[in-house]
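Structure record follows, encoded as structure tokens.
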Amino acid sequence: MALAFVANPIATAINIPLMLWNGYPIAARAYRVLRDERRLNVDFLDTLAILASLAQGNHVAGALITWLIKLGDWIRDLTAAGSKRAIGDLLEFESKTAWILREGSVVSIPARDVLVGDEVVVYPGEMIPVDGE
């Protein structure tokens, strides 16, 4: 993006391919949606905005648009990864241990080692580690 503010022809010659390189994934997403779903989406408009600013010779606007879109994609991916991790933590219902009554005392064993006929002790607020009656 910084190259867009430089009026040097060499900087412009470097900046245009960089903008096209960074804009390619946006255009590819737009094409994929158009091809598969037969509809236009925001990526199509973003691609038009980048190409229009380059066609008008306004490299600052093109670089700014491209940079903001890439920043938005990064934030979206970061948020999605955090949400996926949080949902995974919430949905992890598998209890690793079970409290069972053996020989008159309560002992903790791995939940996978609970046998048919074992008496499972469940304390308030705990999750039930096995199915049964």
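Numbers here simply count residues along the sequence, with the first being 1.
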Original post:
For the residue pair Arg38 and Arg35, what are the closest heavy atoms and their distance?
Top reply: NH1-O, 3.4 Å

**OP:** Would you name the heavy atoms of Thr97 and Ser108 that are closest together and state the gap between them?
**Re:** CB-OG, 3.6 Å

Let me check something: any side-chain donor-acceptor pairs from residues 47-54 under 3.5 Å, sequence neighbours excluded? List them with distances.
from: Thr47; atom 1: OG1; to: Asp43; atom 2: O; distance (Å): 2.8
from: Ser53; atom 1: OG; to: Ala49; atom 2: O; distance (Å): 3.2
from: Ser53; atom 1: OG; to: Ile50; atom 2: O; distance (Å): 2.8
from: Ser53; atom 1: OG; to: Gly62; atom 2: N; distance (Å): 3.3

For [X], what are the other residues in its hydrophobic cluster, where any two members join if their side-chain heavy atoms are less than 4.5 angstrom apart?
{"X": "Tyr31", "result": "none"}
{"X": "Trp21", "result": "none"}
{"X": "Val42", "result": "none"}

Mind checking side-chain contact (heavy atoms from CB on, under 4.5 Å) for [X] and listing every partner two or more places apart, or none if nothing turns up?
{"X": "Trp74", "answer": "Leu71, Leu78"}
{"X": "Ile87", "answer": "Leu91"}
{"X": "Ser83", "answer": "Thr79"}
{"X": "Ile10", "answer": "Asn8, Ile14"}

**OP:** Using the salt bridge (Lys or Arg N to Asp or Glu O under 4.0 Å) rule, collect all pairs that involve residues 65-74, keeping only residues at least two apart or in two chains.
**Re:** Arg29-Asp73, Asp73-Arg76

**OP:** Rounded to the nearest 0.5 Å, what's the gap from CD1 on Ile26 to CG on Asp46? Could you check?
**Re:** 6.0 Å

Original post:
With sequence neighbours left out, what residues match Glu37 under side-chain hydrogen bond (donor to acceptor under 3.5 Å, both in side chains)?
Top reply: Arg39

Subject >> side-chain hydrogen bond (donor to acceptor under 3.5 Å, both in side chains) against Arg85, all qualifying residues, sequence neighbours excluded >> reply: none

Original post:
Is it the case that one hydrophobic cluster holds both Ile65 and Phe44, taking links as side-chain heavy atoms less than 4.5 Å apart, direct or via other members?
Top reply: no

N/O donor to acceptor pairs below 3.5 angstrom from side-chain atoms of residues 113-128, sequence neighbours left out:
from: Asp118; atom 1: OD2; to: Arg102; atom 2: NH2; distance (Å): 3.3
from: Asp118; atom 1: OD2; to: Leu115; atom 2: N; distance (Å): 2.9
from: Glu126; atom 1: OE1; to: Tyr123; atom 2: N; distance (Å): 3.2
from: Glu126; atom 1: OE2; to: Trp99; atom 2: NE1; distance (Å): 3.3

